Amino acid sequence: MRISTKGRYGLYLMMELAGNCTKSRCISLKNIAASQGVSEKYLEQIVQILNKEKLLISTRGAYGGYKLASKPSEISVGTILRCLEKTIDIPECEETADKSVFVSIVCKEVYEKIDEVVNNLLNNITLEDLLNNYDENYVLDYII
C-alpha cells in the first residue's frame, strides 16, 4: 500500500482543521498552506475533492475559509484517503498462467486478509483519535 502526497497532505489539512477550527470560525487555505509548508495551489486541488465529498464546508468572504463538515470523531482516516487516493488496497497477486494451487491459496488467504486488516484499521482511526494522540504524545514543554 502506498499513500500519495495528495493523501498525506489531505490528512495533514484535515488534522489542521480538526485541531484549530471552531463551529463559527474557518481557517483560510493560505494559513493552512503556510503552517504545513505546502503549496496553496496544491491544497486547492485537495480541498476541491474533500469539499465535493462533503467532508469540508467552505465559506467565502473576509472571514472565509474551510472547516470540517462533521465532528472529528465522525471522520475516519479511511474516509479521507478513499476520497483522495485512487486505491488504498493492497496490490493483488500477479496472475500467471501456470499458477499453482499454493500460489492461489497465498493470494487468497494472505493478501485478502492483509487488505481487510488495513481497511478496518483505517476505518477505525478518526481525526479525534489522532488529535488525542497528538495531545498525549507531542506536548511541548517550554521553560522560561
Side-chain angles (χ1 to χ4, degrees), residues 1-97 99 102-143:
M1 181 178 113
R2 182 177 210 111
I3 298 174
S4 70
T5 55
K6 187 184 286 186
R8 288 195 310 273
Y9 291 151
L11 284 173
Y12 303 156
L13 177 130
M14 295 295 281
M15 278 293 296
E16 182 95 19
L17 294 175
N20 293 309
C21 275
T22 62
K23 288 182 181 179
S24 60
R25 189 174 142 254
C26 294
I27 299 178
S28 73
L29 205 56
K30 184 177 183 175
N31 288 343
I32 295 170
S35 74
Q36 298 293 332
V38 179
S39 158
E40 191 174 344
K41 291 283 184 198
Y42 193 54
L43 286 182
E44 285 174 1
Q45 296 171 22
I46 295 169
V47 162
Q48 198 171 35
I49 296 167
L50 295 171
N51 201 17
K52 181 181 172 188
E53 295 294 325
K54 301 195 183 333
L55 292 175
L56 296 179
I57 296 171
S58 62
T59 306
R60 303 187 101 174
Y63 299 102
Y66 296 91
K67 62 184 176 180
L68 298 179
S70 303
K71 296 177 195 171
S73 62
E74 297 172 353
I75 302 174
S76 75
V77 170
T79 300
I80 298 165
L81 289 177
R82 278 186 202 85
C83 291
L84 298 171
E85 299 289 335
K86 291 179 183 172
T87 180
I88 58 171
D89 297 332
I90 302 300
E92 294 182 18
C93 274
E94 295 179 18
E95 296 292 329
T96 58
K99 191 188 307 186
F102 297 115
V103 171
S104 297
I105 291 170
V106 168
C107 287
K108 178 153 180 58
E109 295 299 316
V110 176
Y111 281 65
E112 284 182 9
K113 286 184 178 162
I114 291 172
D115 188 50
E116 182 181 325
V117 168
V118 167
N119 279 299
N120 284 336
L121 176 72
L122 294 175
N123 290 336
N124 288 310
I125 300 173
T126 66
L127 291 176
E128 183 176 62
D129 296 332
L130 295 175
L131 284 175
N132 290 340
N133 278 340
Y134 174 79
D135 290 343
E136 294 168 8
N137 297 321
Y138 300 100
V139 176
L140 299 175
D141 290 328
Y142 292 97
I143 301 173

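Not measured: the values here are computed from a predicted model.
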**OP:** Test side chain to side chain contact (heavy atoms under 4.5 Å, CB included) on Thr5 and Tyr42 and set out the steps.
**Re:** CA-CA 10 Å; Thr5 55; Tyr42 193 54; 2.9 Å; yes
**OP:** Quick one: pull up CG in Leu43 and CD in Gln45 and give me the separation to the nearest 0.5 Å.
**Re:** 9.0 Å
Original post:
Should Leu13 and Leu56 count as side-chain neighbours, where that means a heavy-atom distance under 4.5 Å?
Top reply: yes
Original post:
Which heavy atom of Pro72 sits nearest a heavy atom of Leu68, and at what distance?
Top reply: CG-CD1, 3.9 Å
Original post:
For Asn120, does its backbone N or O pair with a side-chain atom of Asn124 as donor and acceptor, under 3.5 Å?
Top reply: yes
**OP:** Compare every heavy atom of Leu55 with every heavy atom of Cys83, then report the nearest pair and how far apart it is.
**Re:** SG-CD1, 3.7 Å
Subject >> Approximate separation, where rounding is to 0.5 Å, of Gln48 CD and Ser58 OG >> reply: 10.5 Å
Subject >> side chain to side chain contact (heavy atoms under 4.5 Å, CB included) evaluation trace for Leu130 with Met14 >> reply: CA-CA 11 Å; Leu130 295 175; Met14 295 295 281; over 6 Å; no
**OP:** Considering non-hydrogen atoms only, spot the tightest contact between Asn31 and Ile27 and give its length.
**Re:** CB-CG2, 4.1 Å
**OP:** Would you give the length of the straight line joining atom CG of Leu17 to atom CD1 of Ile75, rounded to the nearest 0.5 angstrom?
**Re:** 9.0 Å
Original post:
Can you tell me how far the CG atom of Leu131 sits from the OG1 atom of Thr126, to the nearest 0.5 Å?
Top reply: 8.0 Å
**OP:** Return yes if some donor-acceptor pair links the side-chain N/O of Asn119 with the main-chain N/O of Asp115 below 3.5 Å, else return no.
**Re:** yes
Subject >> Heavy-atom side-chain contact between Leu84 and Leu50 under 4.5 Å >> reply: yes
**OP:** Specify the closest pair of heavy atoms between Lys54 and Ala69, including all atoms of both residues, with the distance to one decimal.
**Re:** O-CB, 3.4 Å
Original post:
For Glu40, does the CD atom sit with more than 12 other heavy atoms under 6.0 Å from it, leaving out its own atoms?
Top reply: yes
Subject >> Nearest-0.5 Å distance, CG of residue Asn123 to CZ of residue Arg82 >> reply: 4.5 Å
**OP:** Please report the shortest heavy-atom distance between Lys6 and Glu85, naming the atom on each side.
**Re:** C-OE2, 4.4 Å
**OP:** Could you tell me which residues satisfy salt bridge (charged side-chain N to carboxylate O under 4.0 Å, His left out) with Lys71, sequence neighbours excluded, listed by chain and number?
**Re:** none
**OP:** Evaluate the side chain to side chain contact (heavy atoms under 4.5 Å, CB included) criterion for residues Met15 and Leu127: first the C-alpha distance (whole Å), next the side-chain angles of each, then the deciding distance (0.1 Å), finally the verdict.
**Re:** CA-CA 6 Å; Met15 278 293 296; Leu127 291 176; 4.0 Å; yes
Subject >> From Ile3 atom CD1 to Leu81 atom CG, the distance as rounded to the nearest 0.5 Å >> reply: 5.0 Å
